[in-house]
Amino acid sequence: MRSLASVRPPHEPATGCQILVKAEHMNPGGSVKDRAALKLLRQAEARGQLKPHTGQCIVEGTGGNTGIALAMLGTSLGYKTIFAMPEKTSRDKSNLMELFGAETHRQPAVPFNDEQHYYQVIRRLAQQEGNFGPDQFENTDNAAAHREGTGPEIWRQTRGRIDGFTCASGTGGTMAGVSSYLKGRNSKIAVWLTDPMGSGLAAYVNHHDTSFPASGSTVAEGVGITRLTNNFKEARVDGAFKGTDEEAITMMYYLARHEGLYVGPSAALNVVGAIKLARKLGPNKCVVTVLCDTGDRYRATVYNEAWLKEHNLAPKQVSRGDMSFVL
């Protein structure tokens, strides 16, 4: 796995803080989900739920990156793979899953309890004899991958000199694993959720609102959720920021044009959150976040001028060091 890289070494001028990013977009499968996928499969093998090179079928609901990671690992370990995902998922992602031999199902944007929701499609498939559903949302092996791996790496690579951590959440695995480890080492580390506008998690964190009235709509695929998962229940979070699609889009292009970082919208949203957390903590602090995935899988969407125009989104033109677009 990859070490931390500084967005603006040694201190980001707009906040006076050091902002570090965990470069998970450099993993073999191009995303942070490689960690969870490997843990989910190895633990299932250890429990006898999966047997390598038997052609057994793995089925999973995914925003894209977990599917890619499971397809990559599955084909190398001799498993078949079937994935269901939201219809809005970038074609670049589903095409890559299919390249690894996976069968994919793109499902309409319907309420969670609707039988056509991608999670419900996979739940039914997982009940079929011989199929195995890792269930990344509810299986806390997901969080364990980050509690045992990502969190300790961040602590070691910062030499314990970390004041704040933030990231967005989909399954809740990264947030739960990293926050529980870091808080276990130093309870004073500020951990804040960065939540897209279509998600209900911020209301849950800030106001204990369990109604989750939000729509789940955001350009940042794979993050934001309208229910509480078993993984997120393990998170140790102090508060939550909201981040807009406009902030994420502009940050994507800012990172590409000024920092040489080619990442997806959820990674950009995390950096937006890091700026907000740095402002909250004040100067001379060290804030860490995660670059979730590479920009390669968004060439048909957020890196496509026609797509941006269709969705009435356009990155603001900002100069190096100008973070005024982060509200």
Side-chain angles (χ1 to χ4, degrees), residues 24-25 27 29-34 36-37 40 58-74 81-112 114-126 133-137 142 168-174 195-199 214-227 229 245 248-249 252 262-270 291-304 306-308 310-311 313:
E24 296 295 286
H25 66 308
N27 289 337
S31 86
V32 67
K33 294 297 187 177
D34 286 12
L40 290 166
I58 298 166
V59 299
E60 184 63 293
T62 174
N65 287 325
T66 302
I68 292 168
L70 286 172
M72 177 185 69
L73 292 166
T81 49
I82 301 175
F83 305 115
M85 66 206 70
E87 194 171 36
K88 69 173 185 177
T89 302
S90 169
R91 285 284 179 185
D92 295 314
K93 289 182 179 178
S94 56
N95 289 346
L96 187 50
M97 294 179 219
E98 292 165 4
L99 179 64
F100 286 127
E103 177 184 321
T104 62
H105 299 264
R106 301 174 68 89
Q107 299 301 122
V110 294
F112 176 73
D114 191 295
E115 65 178 11
Q116 292 303 308
H117 190 280
Y118 74 96
Y119 184 87
Q120 304 302 338
V121 170
I122 286 300
R123 184 181 59 81
R124 292 193 295 273
L125 286 171
D135 197 357
Q136 61 166 330
F137 289 89
N142 179 350
S169 185
T171 65
T174 304
D195 207 32
M197 297 304 291
S199 173
S215 67
S217 177
T218 174
V219 299
E221 296 175 11
V223 297
I225 197 167
T226 57
R227 71 185 193 279
T229 66
D245 286 348
I249 292 292
M252 277 176 45
Y262 181 44
V263 297
S266 58
L269 183 67
N270 285 351
L291 297 185
C292 314
D293 64 3
T294 175
D296 275 341
R297 50 203 56 173
Y298 303 98
R299 287 178 294 177
T301 56
V302 287
Y303 282 112
N304 182 300
W307 188 96
L308 289 175
E310 178 186 347
H311 291 81
L313 290 168

**N/O donor-acceptor pair under 3.5 Å between Glu60 side chain and Asp135 backbone** = yes

**For Ala300 against Asp92, the heavy-atom pair lying closest together** = N-OD2, 2.9 Å

**Asked** Between the main-chain N or O of Pro111 and the side-chain N or O of Asp114, is there a donor-acceptor pair closer than 3.5 Å?
**Response** no

**Prompt:** Is the closest side-chain heavy-atom distance between Met252 and Val302 below 4.5 Å?
**Reply:** yes

**Heavy-atom closest pair, residues Gly61 and Phe137** = O-CE1, 3.8 Å

**Complete:** For Ser94 and Thr104, the nearest pair of non-hydrogen atoms, with its separation, is O-CG2, 4.1 Å

**Complete:** Rounded to the nearest 0.5 angstrom, the CE-CZ distance for Met85 and Arg106 is 6.5 Å

**Asked** With a 4.5 Å limit on heavy-atom distance, are the side chains of Phe83 and Leu70 in contact?
**Response** yes

**Prompt:** CG/Asn142 to OG1/Thr66 distance, rounded to the nearest 0.5 angstrom?
**Reply:** 7.0 Å

**Message:** So if I apply the salt bridge (charged side-chain N to carboxylate O under 4.0 Å, His left out) rule between Glu221 and each of Lys88, Arg91, Arg297, Lys93, which one comes out positive?
**Reply:** Lys93

**Prompt:** Do Gln120 and Gln107 have side chains that get closer than 4.5 Å, going by heavy atoms?
**Reply:** no

**Item:** For Asp296 against Arg299, the heavy-atom pair lying closest together
**Value:** O-NE, 3.1 Å

**Fill in**
Taking every heavy atom of Thr301 against every heavy atom of Trp307, the minimum-distance pair comes out as O-CB, 3.3 Å

**Message:** Working to the nearest 0.5 angstrom, can you tell me the gap between Ser266 OG and His25 NE2?
**Reply:** 11.5 Å

**Message:** Looking at every non-hydrogen atom in both residues, tell me the closest pair between Ala168 and Asn270 and how far apart they are.
**Reply:** N-OD1, 2.7 Å

**Prompt:** Would you say the side chain of Ser199 lies within less than 4.5 Å of the side chain of Thr218, judging by non-hydrogen atoms?
**Reply:** no

**Prompt:** Heavy atoms, side chains only, cut-off 4.5 Å: are Ile68 and Met97 in contact?
**Reply:** yes

**Request:** State which residues pass salt bridge (charged side-chain N to carboxylate O under 4.0 Å, His left out) with Lys33; sequence neighbours excluded, sorted by chain then number.
**Result:** none

**Request:** Check whether any side-chain heavy atom of Asp293 lies under 4.5 Å from a side-chain heavy atom of Tyr298, and answer yes or no.
**Result:** yes

**Item:** Polar side chain donor-acceptor pair, Thr171 to Gln136, under 3.5 angstrom
**Value:** no

**Asked** Just by distance, do the side chain of Asn304 and the backbone of Ala306 share a donor-acceptor pair under 3.5 Å?
**Response** yes

**Request:** Could you list the residues that satisfy salt bridge (charged side-chain N to carboxylate O under 4.0 Å, His left out) with Asp195, not counting sequence neighbours?
**Result:** Lys242

**Message:** Let me confirm one number: the OG1-CG distance from Thr294 to Asn27, rounded to the nearest 0.5 Å.
**Reply:** 11.0 Å

**Asked** When the ring planes of Phe112 and Tyr119 are compared, do they come out parallel, tilted or perpendicular, using 30° and 60° as the limits?
**Response** tilted

**Asked** Side-chain contact, heavy-atom cut-off 4.5 Å: Asn95 with Leu99?
**Response** no

